[in-house]
Amino acid sequence: MRDRFEASAGLWLRRWSSKDARAVLGAFADPSMRWQAGEPIASMDAAGHWLTLQADRWTSGAAFAFAVVDGMDTVLGNVAVTDFGSSR
């Protein structure tokens with residue numbers, strides 16, 4: 001899996017990194033985002049744990065999460081790809 005690629009003019013998908021902890025913390029501060037985490041992301045430590053989980057899942061091949069960033073590397077969102085397995 002590539003670590004970075006251009007998704008659209010001016011938008012990039014790249015692997016999450018530890019430098020993104022503040023952006024993760026800010027995103028999960030929004031009430032509409034809180035339900036999307038398995039545990040509260042209410043501190044820099046919790047944001048770091050979320051980032052570590054994404055890295056572990058990438059390494060194991062269980063899922064691939066990408067930060068959506070602009071040309072200034074500002075985090076705008078998240079895209080995750082995972083295997084749902086066979087439904088049969």
Side-chain angles (χ1 to χ4, degrees):
M1 180 64 70
R2 290 176 28 197
D3 287 357
R4 178 182 171 93
F5 57 94
E6 189 168 17
S8 176
L11 293 179
W12 290 83
L13 300 180
R14 66 157 170 78
R15 282 186 76 168
W16 286 98
S17 75
S18 59
K19 69 180 180 137
D20 297 320
R22 187 158 306 283
V24 169
L25 181 61
F28 283 105
D30 183 326
S32 66
M33 286 287 295
R34 290 184 188 142
W35 68 272
Q36 295 187 37
E39 58 188 46
I41 310 294
S43 69
M44 288 296 284
D45 285 343
H49 178 70
W50 186 88
L51 289 164
T52 298
L53 177 62
Q54 303 317 307
D56 291 348
R57 294 175 77 195
W58 185 294
T59 300
S60 73
F64 303 96
F66 297 88
V68 180
V69 298
D70 64 13
M72 301 294 290
D73 206 38
T74 301
V75 175
L76 305 173
N78 176 59
V79 172
V81 179
T82 187
D83 179 11
F84 285 105
S86 175
S87 61
R88 295 180 202 198

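With 3.5 Å as the limit, one finds no donor-acceptor pair spanning the side chains of D45 and S43.
Taking every heavy atom of both residues into account, L51 and S17 meet most closely at CD1-O, 3.5 Å. The nearest pair of heavy atoms linking L76 to L11 is CD1-CD2, 3.6 Å. Of all non-hydrogen atoms in D70 and T74, the two that sit nearest each other are OD1-N, 2.9 Å. Of all non-hydrogen atoms in F28 and I41, the two that sit nearest each other are CB-CB, 3.5 Å. Across all their heavy atoms, V68 and N78 have their closest contact at CG2-N, 4.0 Å. Between L25 and A42, the shortest heavy-atom distance links the atoms CD1-C, 3.6 Å.
The side-chain heavy atoms of K19 and D73, taken from C-beta on, include a pair separated by under 4.5 Å.
Aromatic rings from W58 and W16 are positioned such that their centres are separated by 6.0 Å or more.
Summarising the geometry, atom CE belonging to M44 is positioned 9.5 Å from atom OG belonging to S18; distances are rounded to the nearest 0.5 Å. One finds the OG1 atom of T82 at 5.5 Å from the CZ atom of R57 (value rounded to the nearest 0.5 Å). For the atom pair Q54 CD and F66 CZ, the distance stands at 11.5 Å (nearest 0.5 Å).
Although no hydrogens or angles enter the test, the distance criterion places no donor-acceptor pair under 3.5 Å between the side chain of R34 and the main chain of P40.
The hydrophobic cluster containing L53 does not contain V24, counting ILVMFWY residues as joined when their side-chain heavy atoms lie under 4.5 angstrom apart, directly or transitively.
In summary, R15 and D20 do not engage in a salt bridge, as defined by a charged side-chain N under 4.0 Å from a carboxylate O.
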